[in-house]
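Structure first, then comments.
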Number of protein chains: 4
Amino acid sequence: MLPDSLSTQVKVLGPTRFPNPLLQIRSTFVERDRVLLPSTLQELEPYLHREPPSFEMAGPRRELFFDPSTIACGILTCGGLCPGLNDVLRSVVLSLTYAYGVPTIYGFRYGYAGLAAKNGLEPLSLTPAVVEDIHTKGGTLLGSSRGPQELGDMIETLERLKVRVLFAVGGDGTLRGASALAQEILRRGLEIAVVGIPKTIDNDILWVERSFGFATAVEEATRALEAAHAEARGALGGIGLVKLMGRHSGFITAHASLANSDVNFCLVPEVPFRLEAFLGALEARLRARGHAVVAVAEGAAQELLPSSGERDASGNLRLGDVGLFLRGEISRYLQGCGLEFSIKYIDPSYIIRGVAANAADSEYCLALGQHAVHAGMAGRTDLMIGYWNGHFAYVPLALATAQRKQIHPQSELWQRVLGATGQPDMS
Amino acid sequence: MLPDSLSTQVKVLGPTRFPNPLLQIRSTFVERDRVLLPSTLQELEPYLHREPPSFEMAGPRRELFFDPSTIACGILTCGGLCPGLNDVLRSVVLSLTYAYGVPTIYGFRYGYAGLAAKNGLEPLSLTPAVVEDIHTKGGTLLGSSRGPQELGDMIETLERLKVRVLFAVGGDGTLRGASALAQEILRRGLEIAVVGIPKTIDNDILWVERSFGFATAVEEATRALEAAHAEARGALGGIGLVKLMGRHSGFITAHASLANSDVNFCLVPEVPFRLEAFLGALEARLRARGHAVVAVAEGAAQELLPSSGERDASGNLRLGDVGLFLRGEISRYLQGCGLEFSIKYIDPSYIIRGVAANAADSEYCLALGQHAVHAGMAGRTDLMIGYWNGHFAYVPLALATAQRKQIHPQSELWQRVLGATGQPDMS
Amino acid sequence: MLPDSLSTQVKVLGPTRFPNPLLQIRSTFVERDRVLLPSTLQELEPYLHREPPSFEMAGPRRELFFDPSTIACGILTCGGLCPGLNDVLRSVVLSLTYAYGVPTIYGFRYGYAGLAAKNGLEPLSLTPAVVEDIHTKGGTLLGSSRGPQELGDMIETLERLKVRVLFAVGGDGTLRGASALAQEILRRGLEIAVVGIPKTIDNDILWVERSFGFATAVEEATRALEAAHAEARGALGGIGLVKLMGRHSGFITAHASLANSDVNFCLVPEVPFRLEAFLGALEARLRARGHAVVAVAEGAAQELLPSSGERDASGNLRLGDVGLFLRGEISRYLQGCGLEFSIKYIDPSYIIRGVAANAADSEYCLALGQHAVHAGMAGRTDLMIGYWNGHFAYVPLALATAQRKQIHPQSELWQRVLGATGQPDMS
Amino acid sequence: MLPDSLSTQVKVLGPTRFPNPLLQIRSTFVERDRVLLPSTLQELEPYLHREPPSFEMAGPRRELFFDPSTIACGILTCGGLCPGLNDVLRSVVLSLTYAYGVPTIYGFRYGYAGLAAKNGLEPLSLTPAVVEDIHTKGGTLLGSSRGPQELGDMIETLERLKVRVLFAVGGDGTLRGASALAQEILRRGLEIAVVGIPKTIDNDILWVERSFGFATAVEEATRALEAAHAEARGALGGIGLVKLMGRHSGFITAHASLANSDVNFCLVPEVPFRLEAFLGALEARLRARGHAVVAVAEGAAQELLPSSGERDASGNLRLGDVGLFLRGEISRYLQGCGLEFSIKYIDPSYIIRGVAANAADSEYCLALGQHAVHAGMAGRTDLMIGYWNGHFAYVPLALATAQRKQIHPQSELWQRVLGATGQPDMS
């Protein structure tokens with residue numbers, strides 16, 4: 001079910017009133033075209049006699065809400081690291097400076113904590129010279145943190161520094177926070193735009209066909225799978241077991257399994273399985289082929305694991321460790337079978353998210369940052385930059401955070417995983 | 001202008017008549033959904049009262065035209081190397097064998113030459129064991145060649161070996177050849193399907209949003225640009241000049257320039273420029289910043305170069321060497337200016353296309369091969385597997401080869417290049 | 001103290017008696033030169049009036065003990081994976097085949113288990129075609145296992161298959177096993193040479209200045225350290241904690257710390273430290289700089305950890321997990337300090353050893369395999385191929401396994417680590 | 001023939017007179033040990049009754065000639081780029097600052113040109129913050145240039161800025177220049193030390209067993225060879241021809257050929273060959289195996305090529321282009337034979353030298369910079385930091401520049417190349 005047209009409308013601070021300085025060097029601007037939500041005939045069918053839902057297309061507008069030469073902007077990064085964070089920071093700073101001539105850019109340190117001026121954290125002053133080479137390194141120049149802050153504290157800082165556009169780079173929780181902030185700003189009648197830039201190494205945000213850093217993360221994940229395959233083939237009854245990121249969505253695990261065709265079992269949160277079915281299939285594979293590679297998303301099989309009930313600073317439930325759990329269960333089961341075996345467990349964890357972005361992600365981050373700047377200058381607020389049907393688009397934060405993107409077991413993606421691994425139905 | 005609905009119809013050998021063996025292990029099949037060609041409201045506008053044009057969606061069908069357990073299939077690779085060729089070969093072989101149970105697969109050597117049985121070339125017998133690890137290496141297991149062969153010779157081989165589906169992996173010329181072959185087969189009333197798999201490192205085939213190997217090629221190209229940047233910064237008046245692939249379309253050069261933000265001049269075939277304007281802008285850059293990086297597509301500025309009039313085996317006109325030409329012109333011009341300078345010219349040439357596919361391309365090739373197999377089994381012919389609006393689709397070869405995909409100077413892509421390089425209008 | 005000259009003498013099966021087939025294509029052979037053990041004047045001083053100790057130089061001899069055209073050879077790999085194993089296998093097979101014309105080569109599967117014909121394991125028949133591309137993948141074609149086997153069983157297989165030279169690739173335990181086997185063979189008066197090829201990812205075998213795979217392992221380890229640095233800088237009070245291989249010798253940890261200059265604390269087994277001193281120094285670093293990177297070898301600080309007393313199949317004591325231990329102790333301590341902090345723990349484990357060899361290691365493995373073949377053909381036995389003072393050399397196994405190579409706290413290496421990390425004396 | 005002991009003595013500015021500040025944190029210093037030049041018994045033989053030649057061992061001394069807290073130092077980089085230049089710069093700056101407390105460090109721009117203050121070039125002020133991340137990029141922060149400058153101009157700058165130790169990073173020509181400068185300084189009775197740091201991507205400087213950046217360059221070179229191999233296998237009669245760096249010494253070509261075992265012909269300057277012999281052998285290889293890979297050093301076969309007689313700014317004779325020459329000759333010859341063939345020519349040129357150093361080179365550069373600083377502080381001058389028998393050592397510049405290091409056709413290295421390629425004697 002596609003959302004209705006109303007829910008795809010992005011908030012605007014007010015009518016535009018300043019000419020875009022890009023008019024001097026650029027001839028094409030986005031006028032009124034919009035990005036279709038349907039991409040197939042079946043999806044389009046319900047809309048034969050009315051306009052199908054669509055997103056406002058991202059891009060520069062001829063007229064702006066803000067006079068860029070007179071304002072300050074701010075940017076912050078929240079949540080876990082992701083390849084490309086520095087590319088996004090750099091793109092926003094270069095675009096604000098060179099394309100729009102914004103004179104002052106603040107980089108708030110350690111996420112919302114810095115915006116709330118916690119711990120006496122002062123923002124960095126960001127210029128092209130500061131960000132020149134940062135994209136060659138992983139991590140984030142600004143630092144990051146988890147968890148919300150008081151809306152009042154954050155607005156106070158924005159007011160004090162005369163920030164007119166705030167760019168918030170982060171995941172689900174960060175975008176909810178950005179939305180709350182944008183709404184409180186509107187409620188107070190302030191002229192400050194809040195633009196979200198979706199960051200999710202798990203690729204689990206709706207209306208973002210492709211999240212930045214994801215391709216790089218999958219590339220890194222395949223390296224762990226290759227090592228697991230070498231270990232599996234290197235021992236009699238060798239089992240390479242790899243745990244990959246993915247709390248609620250197994251996209252990294254699924255795509256890495258498809259990119260590395262040596263995976264025999266791919267386990268994701270969206271497709272529950274019975275432990276005995278898995279263990280039996282693993283035994284059969286070992287008897288037939290002598291070794292096996294298992295890729296498991298960290299959020300898989302949580303229903304089989306005892307929960308600690310603990311939560312992290314972002315409010316996420318602490319997951320049980322499915323990697324250690326499976327290692328134990330596999331050992332116990334195979335010992336019972338009397339099969340000779342050797343399990344090698346690999347948890348690449350942060351290695352996957354700490355690297356610099358690859359070329360495709362780097363280019364994508366460049367565009368993402370530019371579109372965020374275009375949106376803010378034109379007075380769009382309470383939105384994020386989505387990517388849909390091959391176009392960057394403006395997506396209301398409420399729509400983006402309403403649900404989580406997940407692998408559908410009937411989807412072409414999952415069917416391909418089943419085909420590539422050859423794993424049986426274990427539900 | 002989008003093509004009309006008629007031209008998007010794919011030819012079918014006849015009614016399907018055998019159940020798909022995948023019915024035993026898979027629950028989802030493509031029934032009747034189609035991929036929309038329009039992706040924005042403006043593109044959709046002309047079709048408010050009639051069905052917009054669409055492609056048949058790729059994927060497995062419940063019923064097949066061939067009985068896979070009784071047939072032989074063949075595959076060949078033509079034209080220049082491209083990262084992912086071995087992934088595609090492997091995917092086709094694994095899919096034919098494991099998903100459909102096809103007992104005999106021939107790999108024709110050195111492209112159409114092998115299919116025409118030239119030079120006594122015998123086909124390889126392809127099995128999962130033969131292709132198991134080939135995707136970890138660049139190149140093509142089968143070898144490749146350029147140029148057409150006699151249709152009669154090729155059909156004779158297909159008949160002799162009882163090949164029922166032929167997969168042809170190649171570019172523009174190869175796909176035209178595949179179309180001619182498919183039509184001659186139909187004219188003769190033979191039941192042989194010809195399925196094209198589009199290969200273009202230049203990413204210049206229509207209805208292929210993303211061509212396999214392209215992401216890998218851009219990744220490699222950025223390495224050459226990084227070296228050029230190091231050289232440029234390393235000398236007083238340093239100029240790093242890099243020639244990249246792209247005979248008629250500058251996609252590699254443009255995307256690599258966006259992925260590597262150190263390029264100051266990006267020159268592509270689609271956007272002609274005046275030599276004096278370029279040289280003047282280069283001088284200005286050198287005076288202002290002391291160094292410069294220039295990325296030029298091999299097909300750029302051909303109107304400024306004397307043509308040899310020669311053609312290669314595929315019938316492509318031999319291009320003048322724009323890299324050496326620019327090196328000479330820049331030297332001459334800057335010597336005239338009395339500026340101290342140092343040009344370092346880099347031509348990575350085949351290094352870019354000889355590497356193994358990265359993770360994203362590898363996964364894409366896996367899907368591409370599977371969809372080609374699904375298409376052939378269902379009796380589709382004279383088509384290629386395209387990729388449009390995020391879906392794999394069946395595209396008639398006539399439509400795909402009608403024109404070449406190029407960078408539009410008004411496109412968002414080129415506008416981004418102009419923004420990223422800061423290069424002036426040099427037309 | 002250097003060993004005496006007697007202990008550097010390698011055993012020989014008997015006088016040479018066949019001309020080396022290399023005589024037809026090669027003009028240089030090792031005649032009588034030997035590799036000096038001393039490399040400085042101080043080391044040479046005790047030998048002013050007598051010949052200093054030296055190793056027999058590796059290389060082809062004009063005369064052989066075996067007639068290569070009539071014999072069979074065997075090879076096996078033991079212990080943990082190490083980058084380059086496949087390169088060594090390939091080099092031995094190519095050298096036996098092309099340089100010496102040995103007609104039959106057996107690859108025993110899963111180490112000594114395969115040689116003892118356990119589990120009905122049959123050897124592979126190794127030819128140039130089988131090993132052609134194996135060096136592009138990590139792992140070992142033959143598989144590996146730990147632990148000794150009955151000498152009688154192994155000799156029986158060698159006799160049954162008429163193997164005249166056995167190449168054993170492995171670490172400390174494997175080389176002891178090879179020595180025991182060689183001695184039993186000599187005791188029985190059999191003409192079978194046993195040549196060891198030292199494999200130690202930890203670089204802890206004596207008289208091996210550089211062990212194969214070590215450079216690759218360090219390269220991989222620095223990637224984990226880079227990720228840890230990104231994580232450390234990405235959080236307020238960020239601590240990146242990385243556990244690296246090194247049970248008894250901290251060479252990987254030390255060299256990776258020197259190659260990646262962002263490590264602030266390098267902890268190795270050879271340099272014990274007081275926990276409070278480390279925690280205090282870490283606190284000081286965090287207060288001064290806001291973040292820290294800690295690299296710890298798996299065998300470090302074992303005296304601080306409770307031992308399980310368990311042993312693995314090779315008889316190695318199971319180590320306590322120093323990474324988890326430190327993570328816990330650091331958390332406890334810093335919570336007590338009231339400092340805001342965030343620990344990210346990375347254990348790259350098998351990722352480091354499963355990759356293919358880099359260029360330097362690949363070339364080294366090629367030479368190592370060739371020298372092992374030269375040694376075996378000339379009838380040398382109970383030896384390994386060492387590397388000393390820049391030369392490959394024949395080292396008696398008794399000498400090589402007498403002790404373990406470790407980092408000396410007074411060595412230039414460790415002094416450089418102290419300088420690079422800036423860590424204080426924590427003993 | 002090893003040099004006599006006299007010629008291995010390094011010049012010293014005067015007696016040491018200040019305590020080393022490292023005494024406070026370090027317990028080991030180099031007292032009087034020296035590095036042996038002989039490494040085999042045969043080399044040692046002539047010295048049975050006298051001390052064999054040796055180099056002063058590199059390392060910190062207890063007493064210094066300069067008071068580091070009061071002086072300025074300078075550093076410059078000359079000649080072509082080489083992986084690791086930034087690592088060396090960084091190491092020198094960190095060591096001067098943190099280990100010795102030198103308050104002022106100048107980075108002269110564009111080599112000797114900057115030292116001679118040509119073009120109004122002002123030196124950079126180098127601090128740990130400036131060099132913090134430079135090692136993650138290729139190139140040189142300071143820029144580089146070729147060719148000598150007036151000694152008087154350079155000494156004037158040193159005097160004006162009160163520089164007491166100058167570090168010159170460069171090749172043959174640079175080191176000769178450094179020696180001339182050091183001698184003129186001594187002649188004038190000035191107290192300025194000149195310390196050379198040998199940089200040669202060709203690995204052709206004597207008494208440097210391993211030059212920094214060389215391992216990285218070989219690693220990159222193997223990537224070009226892999227692409228050539230893919231191209232060669234991808235065409236009927238495919239020939240991959242790769243030109244690699246190496247004006248007078250073919251070390252890169254030889255080592256890359258050994259690291260990448262797909263090279264069939266390795267051509268280096270040190271081993272002349274007859275063109276007909278090569279062409280005939282190539283034809284034989286093509287007839288037997290269908291494809292071939294040829295690696296040629298840029299300085300190979302110069303006697304077969306017409307010389308332009310031109311020289312570059314360093315005074316090096318401009319080489320004829322052996323790659324294009326061979327491509328032409330091979331084409332002509334094979335057309336004459338009537339063989340179907342396809343040549344793909346790859347010239348990776350600057351791509352190989354513009355990358356960042358790998359882990360092994362990075363660590364090596366760290367040590368090299370530290371030893372250069374130790375040497376300068378102790379008043380050593382007119383020397384470079386060599387590496388011999390596994391030790392860093394002080395080598396008089398006169399000795400280091402007396403000759404060029406080359407591949408000896410009888411050496412183990414070249415014999416291994418012949419074995420690995422299987423190429424016949426073509427002299």
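Numbers restart at 1 for each chain; the letters A, B, ... are given by sequence-line order, proteins then strands.
No other option in C/Glu340, C/Glu231, C/Glu226 has as many heavy-atom pairs under 4.5 Å with chain A as C/Glu231. Among A/Arg109, A/Arg233, A/Arg223, the residue making the largest number of heavy-atom pairs under 4.5 Å with chain C is A/Arg223. When the candidates C/Thr140, C/Ile346, C/Leu236 are compared by the number of heavy-atom contacts under 4.5 Å with chain A, C/Leu236 comes out ahead.
Using non-hydrogen atoms only and a strict 4.5 Å limit, the part of residues 348-356 of chain C facing chain A consists of C/Pro348, C/Ser349, C/Tyr350, C/Ile351, C/Arg353, C/Gly354, C/Val355. Among residues 212-222 of chain A, the residues having any heavy atom closer than 4.5 Å to a heavy atom of chain C are, in sequence order, A/Glu220.
Among residues two or more places apart in sequence or in another chain, the ring-ring contact (aromatic ring centres under 6.0 Å, His included) test is passed with C/His229 by C/His291. For C/Asp87, there are no salt bridge (charged side-chain N to carboxylate O under 4.0 Å, His left out) partners at least two apart in sequence or on another chain.
For a residue to count as touching a neighbouring chain, one of its non-hydrogen atoms must lie under 4.5 Å from one of that chain's; by this rule C/Lys344 touches chain A with backbone and side chain alike.
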